[in-house]
Amino acid sequence: MSWQVIQQALPLFRKAFVLTLELSAIGVVLATILGLVIALLREYKVPVLSQICATFEELLRNTPLLIQLFFLYYGFPSIGLKLSAQACAIIGISLLGAAYMSGAFRGGFSGIPTIQVESAKALGLSPLQMVRHVTLPQGLTRSVPAVAANAIFLVKETSVFTVIAVPELTNTARDLIGMYYRTDEYLLMLVVAYAIILIPLSVVLTLLERRVRRGTFGD
Amino acid sequence: ACGGSSSSDGAASSQQGQTVEQIKKAGTIRIATFGDLPPYGYVKNDGTRAGYDVALGNQVAKDLGVKVDWVQVNADGRVDALKSDKVDLVLANFTVTDERKQVVDFASPYMKVSIGVVSPDKAKITSADQLKGKTLAVTKGTTAETFFTQNYPDVNLQKFDSKTQQFQAFKDGRADALADDNTYLYAWAKDNKGYTVGIKTLGEESTISPAVKKGNKSLLDWTNKEIKTLTEQGFFEKAYQSELAPSFTSDIKPEDVIIK
Amino acid sequence: MADSNNDEILLSVQHLKKAYGDHEVLKDISFDVPRGKVFVLLGPSGSGKSTLIRCLNGLETIQGGTISFKGKPIDGSEKTWRKLRTEIGMVFQSYDLFPNLTVAQNILLGPTKVQKRPKAEVEQQMDKLLADVQLSEYKNAYPRELSGGQKQRIAIVRALTMNPELMLFDEVTASLDPEMVREVLELMLGLAEHHMTMIVVTHEMEFARRVADTVLFLENGVILERQSGHDFFANPETDRAKAFLESMAPISDEE
Amino acid sequence: MADSNNDEILLSVQHLKKAYGDHEVLKDISFDVPRGKVFVLLGPSGSGKSTLIRCLNGLETIQGGTISFKGKPIDGSEKTWRKLRTEIGMVFQSYDLFPNLTVAQNILLGPTKVQKRPKAEVEQQMDKLLADVQLSEYKNAYPRELSGGQKQRIAIVRALTMNPELMLFDEVTASLDPEMVREVLELMLGLAEHHMTMIVVTHEMEFARRVADTVLFLENGVILERQSGHDFFANPETDRAKAFLESMAPISDEE
Amino acid sequence: MLAADSGWTILFTGDNLTRLLGGLWTSVSVAGLALVFGIPLGVVLGALRIMHNPVLRAVLRLYLEFFRIIPTLVILFLFYYILPREMGVQVDGETIAVVAFGLWVAAEISDVVRGALISVPEHQVDAGKALGMNGLQLLWYVRLPQSVNLMVPATINLAARVIMTTSLLLLISVIDVVTVGQQIMEANRMAHPDSAFWVYGFVFLLYFIVCWPLAMIARALEKRAKERNNG
Ligand SMILES: Nc1ncnc2c1ncn2[C@@H]1O[C@H](COP(=O)(O)OP(=O)(O)OP(=O)(O)O)[C@@H](O)[C@H]1O
Ligand SMILES: Nc1ncnc2c1ncn2[C@@H]1O[C@H](COP(=O)(O)OP(=O)(O)OP(=O)(O)O)[C@@H](O)[C@H]1O
Ligand SMILES: [Mg+2]
Ligand SMILES: [Mg+2]
């Protein structure tokens with residue numbers, strides 16, 4: 001272990017760290033929004049669209065991100081569609097994330113007791129009013145744990161971007177190892193970098209989860 | 001190719017790698033090579049390996065009287081394959097550099113090489129200075145990557161895991177040029193119309209050698225002798241004609257590549 | 001409860017049929033509920049009481065027969081039911097307050113969003129009703145801060161704030177601790193005294209006896225017996241009703 | 001239940017204290033249960049009845065005081081309790097049969113696996129007990145095929161097959177449909193008549209009155225009143241007990 | 001695009017199809033072995049995690065959190081670079097992957113098992129205790145049988161995830177299905193310049209064909225478990 005090696009690599013790691021953060025943030029936000037839309041389309045069985053969304057979800061959830069990225073990055077140009085590596089990365093993680101987030105949201109919605117829907121009906125609420133005042137707020141609250149777990153999963157998945165030459169953390173570490181052969185130092189830095197992102201994130205999400213649950217359901 | 005972990009006797013071997021004796025006793029030699037780099041190391045449609053490096057490896061095994069257990073690596077995996085005892089010998093277009101000498105032992109060279117740059121005819125790059133601010137595709141762990149990182153920090157490097165990915169991305173127009181060993185570029189440019197090796201040599205000319213684990217004197221000595229014998233027997237000349245020549249344009253001569 | 005003679009029929013059920021798949025749960029049910037009267041549905045578990053009361057609020061689609069409200073047959077469309085539900089209040093066994101809203105928000109939701117009544121007016125009515133049930137202090141509490149009995153009383157207030165003409169109650173005390181049963185039953189007794197039209201499913205026999213103008217005894221999806229409250233408890237006609245009443249009596253009578 | 005004079009004290013509780021964190025749930029509880037007697041614990045919700053009865057079976061660790069069984073103080077270790085639990089049977093409010101085992105497997109589990117008694121002998125005993133409660137035909141049924149009342153009766157049989165010297169019951173009829181309460185209570189009355197020593201938490205006042213040799217009235221973790229069953233119901237000493245009895249009485253007495 | 005000379009034909013040239021399937025088999029067998037080692041270990045760890053020993057629980061929790069926090073790819077690299085050197089033995093990529101994935105599986109399963117075990121209602125455990133059962137008897141007669149129907153679907157889902165994660169094997173020099181695909185693309189780069197679309201597309205499909213049925217089975221079992229719990 002050499003401190004000097006670590007110091008020299010710091011600027012590069014810092015840049016990679018920021019990029020990983022950016023890509024993760026964009027990915028998680030887009031995935032959440034898109035996932036919610038898909039979940040609502042499926043929950044309310046919007047014709048055609050809900051079937052398309054279901055197929056999309058199954059396809060993405062049951063194939064590895066790495067292959068999805070290869071397909072987007074190397075495969076699509078041969079049929080005339082060329083996207084930059086970062087664009088592929090963002091599209092890949094957002095779509096994959098959306099498929100997972102949709103599942104999380106649908107899980108949240110389906111956890112709402114039927115009695116809640118029935119008492120909303122008994123008050124004469126229209127379907128839209130019911131979504132707005134009853135099912136959406138309760139469903140979102142119930143989704144929080146699964147959404148949080150997915151967010152962490154997505155941040156971790158950004159490591160796969162290494163395969164399409166996006167200079168995020170994993171790519172940078174492997175690159176340095178390949179050039180200077182200081183495996184221990186670079187691996188340590190890599191692990192620490194992910195720990196710095198993910199430990200606070202998982203702590204915050206756990207707290208949020210607890211608060212939301214206590215807030216709404218009192219347990 | 002589930003590389004058999006023919007793990008053999010004890011601590012001695014794991015410190016310096018397997019000796020020639022141990023390899024002979026085991027009956028197989030494990031050689032690292034590329035799988036996606038025609039005409040040096042690649043896999044044919046029938047699943048068999050072929051190429052210049054592969055031909056050398058087969059000869060080595062024949063002379064040792066053992067079978068080959070091929071381990072496919074990417075450029076950045078070559079050192080670790082040795083370090084972590086996954087292979088006995090690397091025959092994967094391994095350019096000799098000072099950094100690498102500190103972590104592995106190189107045998108006598110069997111090929112000459114230098115960094116080259118290929119670019120589209122439409123926007124031909126003929127000098128390294130033209131690359132400033134442009135995007136250059138390289139493979140991780142190659143001399144080209146190290147060379148540009150150290151000498152031309154203004155060039156945007158796009159770093160890929162494997163040759164396939166590097167060339168594919170370049171062909172998709174994701175980079176302005178691609179740098180790698182000139183020898184592959186000749187072959188690639190011949191296969192791909194519309195591309196020229198605009199810079200034939202950059203930096204110092206280097207050599208390509210077999211590599212063994214640091215301290216594996218037994219195998220190192222044997223390999224040095226083997227290279228000498230094979231050179232004398234004209235093996236490399238023959239291998240050049242059968243493996244490389246068909247892939248190269250006619251302006252490349254055997255003496256550009258092989259060591260006499 | 002004195003018989004009133006201006007017998008307007010508020011709700012009329014004719015030949016109602018309801019099946020889940022092949023399983024016929026309600027078979028040819030007919031009865032009329034005059035305005036101001038209290039009907040109590042009794043019957044063993046599984047006899048179809050909940051299903052019947054849910055049909056009366058459009059929560060279940062029916063397979064046959066007609067339900068008429070204020071003389072008009074209901075066409076069964078979701079839209080019609082949605083309008084009617086503002087006139088027919090319902091309270092369920094399980095606490096059905098919305099956990100994400102405060103007591104006041106729970107109560108105001110229907111009147112302001114569905115009935116589009118002015119908020120100030122509804123708030124005034126709410127305050128009065130909350131005061132009646134002695135729960136004014138919980139106006140800004142969330143349901144999780146209330147006991148079961150308090151929750152059920154709020155659920156009743158919520159339904160009442162819609163100014164319904166008919167109230168449906170499905171075993172509203174069944175999940176309550178014994179000590180909380182009374183506070184809810186007393187609230188319902190009060191409603192009956194104020195001539196609210198109600199259909200009540202309950203297992204509390206003493207309460208049923210006091211409150212029922214008419215008892216409908218259901219078994220196997222059929223109305224087996226239909227009597228005034230007093231007569232039913234004093235003198236059940238069928239053996240099944242007799243056995244049922246016995247099974248519900250406290251264990252002491254054996255001594 | 002006639003007083004018996006050979007007053008062996010089966011269970012003795014002295015100065016028992018139990019707290020959850022800072023919250024003292026039981027404060028200095030003392031009482032002796034003679035063999036063959038039935039003690040009924042009464043008290044409002046949250047007064048500590050369940051906690052107390054769980055302490056008597058070692059399901060809660062206590063913070064002070066001693067519990068002695070058959071004259072020997074219990075050291076409180078899990079191992080000691082494990083041995084004692086084969087002599088102290090317990091039945092809970094929630095149906096606690098193992099859903100993955102048949103009725104027979106449920107009953108045989110404790111005697112054969114824990115007490116290591118020969119299977120044939122236990123089966124004979126089980127058959128007799130099942131016949132007593134008229135549930136022989138359900139021997140190979142799974143709990144999900146039984147009604148709530150049947151489940152609770154099997155749970156009692158399961159506890160009895162261990163040949164306990166003391167039985168603890170915690171509101172065993174509270175989750176039952178009203179029609180099923182009676183069949184369980186009758187089984188318990190039968191046990192009392194056969195001089196099983198029992199400690200019973202219940203909300204069924206009539207049953208309590210009939211079965212109790214002694215009533216302990218708990219409030220806030222303290223035994224507020226301790227009387228013979230007959231006296232407690234006829235003439236409660238404290239105002240709290242009076243109020244409690246009133247709140248549990250059927251709603252009719254207001255008429 | 002579906003012309004006879006288009007890229008898709010290389011999938012069926014020579015031994016390419018069997019080679020691709022062979023690569024997939026490598027991936028699936030690595031996943032399979034990792035599950036075979038990881039699941040029993042995970043069950044034991046999960047059972048230990050519901051015990052009251054705080055040190056043991058903290059250690060096991062830390063073990064789980066490590067695998068939760070660090071991306072699987074990074075874990076794979078850690079093992080790839082460090083394991084052979086430290087162990088002083090020759091290990092190939094497959095073995096490393098089996099060990100790394102196996103420990104990961106154990107971590108995840110330990111959480112599945114723990115979650116399932118504590119989801120068994122407390123009153124069931126109390127009922128077991130009231131019959132005088134000891135810790136092991138409670139585990140064996142009460143907790144495990146009542147929670148397997150929760151564990152099985154979660155385990156199948158995990159299996160699908162492990163199979164998908166084997167796509168990373170490419171990065172530690174295992175000849176997996178992607179590597180074979182790249183070999184094919186290189187060998188045919190002159191005749192079929194558009195092969196990337198077809199080869200990667202085909203690999204995508206292969207993964208889907210393996211993982212989707214697993215997901216469907218898991219979902220069906222989950223639904224059944226839920227229905228059984230309610231009924
Ligand atoms: N959603 C449903 N699907 C299928 N069958 C149902 C459904 N709801 C109720 N049933 C069946 O309909 C019958 C009547 O049920 P219902 O709940 O109306 O009885 P109940 O009289 O209210 O009983 P309880 O006193 O237990 O509440 C029962 O046999 C029940 O199994
Ligand atoms: N596990 C626990 N942790 C903290 N507090 C508890 C726990 N169990 C019970 N309590 C508290 O102990 C007190 C007594 O509870 P207990 O369940 O013994 O009452 P109870 O008399 O059985 O009431 P009920 O009639 O409702 O069953 C209550 O204030 C309750 O909140
Ligand atoms: Mg009902
Ligand atoms: Mg209790």
Side-chain angles (χ1 to χ4, degrees), chain D residues 50 53-54 56-61 78-101 105-117 142-145 151-152 154-156 158-164 166-172 175, chain E residues 43 46-57 112-156 220-231:
Chain D
S50 296
I53 210 164
R54 290 168 58 84
L56 303 183
N57 203 11
L59 292 176
E60 306 284 345
T61 54
E78 187 59 27
K79 212 176 134 200
T80 310
W81 273 120
R82 209 149 66 220
K83 259 203 74 217
L84 282 176
R85 285 185 194 128
T86 62
E87 300 174 47
I88 304 178
M90 177 154 183
V91 183
F92 302 81
Q93 167 178 351
S94 29
Y95 317 133
D96 57 352
L97 296 182
F98 304 125
N100 53 311
L101 302 180
Q105 288 168 334
N106 260 287
I107 297 174
L108 294 176
L109 190 58
T112 59
K113 302 294 174 182
V114 178
Q115 297 182 318
K116 317 263 186 218
R117 284 157 54 196
Y142 281 90
R144 61 173 174 277
E145 301 164 37
K151 276 189 254 193
Q152 286 300 56
I154 296 289
I156 296 173
R158 182 174 68 176
L160 292 176
T161 318
M162 306 277 284
N163 296 323
L166 170 65
M167 283 289 293
L168 309 174
F169 294 92
D170 188 5
E171 296 193 35
V172 290
S175 328
Chain E
V43 171
L48 290 178
R49 281 187 63 200
I50 61 164
M51 306 224 313
H52 293 293
N53 184 336
V55 181
L56 188 65
R57 273 165 65 161
V112 167
V113 169
R114 178 182 160 275
L117 289 180
I118 61 173
S119 79
V120 174
E122 260 325 289
H123 65 81
Q124 283 285 325
V125 179
D126 283 345
K129 278 191 191 160
L131 290 176
M133 291 188 194
N134 63 29
L136 264 175
Q137 287 171 327
L138 285 175
L139 189 67
W140 188 249
Y141 293 114
V142 182
R143 283 201 145 115
L144 276 177
Q146 293 188 41
S147 50
V148 273
N149 58 358
L150 286 177
M151 294 179 200
V152 171
T155 305
I156 295 175
L221 290 176
E222 238 161 50
K223 210 171 131 203
R224 222 182 63 183
K226 212 176 266 173
E227 271 162 13
R228 195 178 289 171
N229 280 359
N230 294 343

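Side chains included, hydrogens not; waters and symmetry mates left out as well; all remaining heavy atoms used.
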Distance, nearest 0.5 Å, that separates [atom1] of [X] from [atom2] of [Y]:
X      : Y      : atom1 : atom2 : value
D/L101 : E/Q146 : CG    : CD    : 8.0 Å
E/H123 : D/Q93  : NE2   : CD    : 9.5 Å
D/L59  : E/E122 : CG    : CD    : 10.0 Å

* Asked: Non-hydrogen atoms of chain D under 4.5 Å away: do they reach the side chain of E/Q137, the backbone, both or neither?
  ->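 Contact with chain D involves the side chain of E/Q137 alone.
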Closest contact, heavy atoms only, [X] versus [Y]:
X      : Y      : result
D/R82  : E/M133 : CD-O, 3.2 Å
D/N100 : E/Y141 : ND2-O, 4.0 Å
E/Q124 : D/P99  : OE1-CD, 3.7 Å

Non-hydrogen atoms of chain E under 4.5 Å away: do they reach the side chain of [X], the backbone, both or neither?
X      : value
D/L168 : neither
D/I88  : backbone
D/F98  : both

Against chain E, work out which of [options] has the most heavy-atom pairs shorter than 4.5 Å and name it.
options              : result
D/G58, D/S94, D/G110 : D/S94
D/V114, D/L97, D/T86 : D/V114
D/R54, D/Q115, D/E78 : D/R54

* **CA sep, side-chain torsions, deciding dist, call: E/L131, D/K113, side chain to side chain contact (heavy atoms under 4.5 Å, CB included)** => CA-CA 10 Å; E/L131 290 176; D/K113 302 294 174 182; over 6 Å; no
* Let me see the working for D/M90 and E/D126 under side chain to side chain contact (heavy atoms under 4.5 Å, CB included), right down to the final yes or no. => CA-CA 9 Å; D/M90 177 154 183; E/D126 283 345; over 6 Å; no
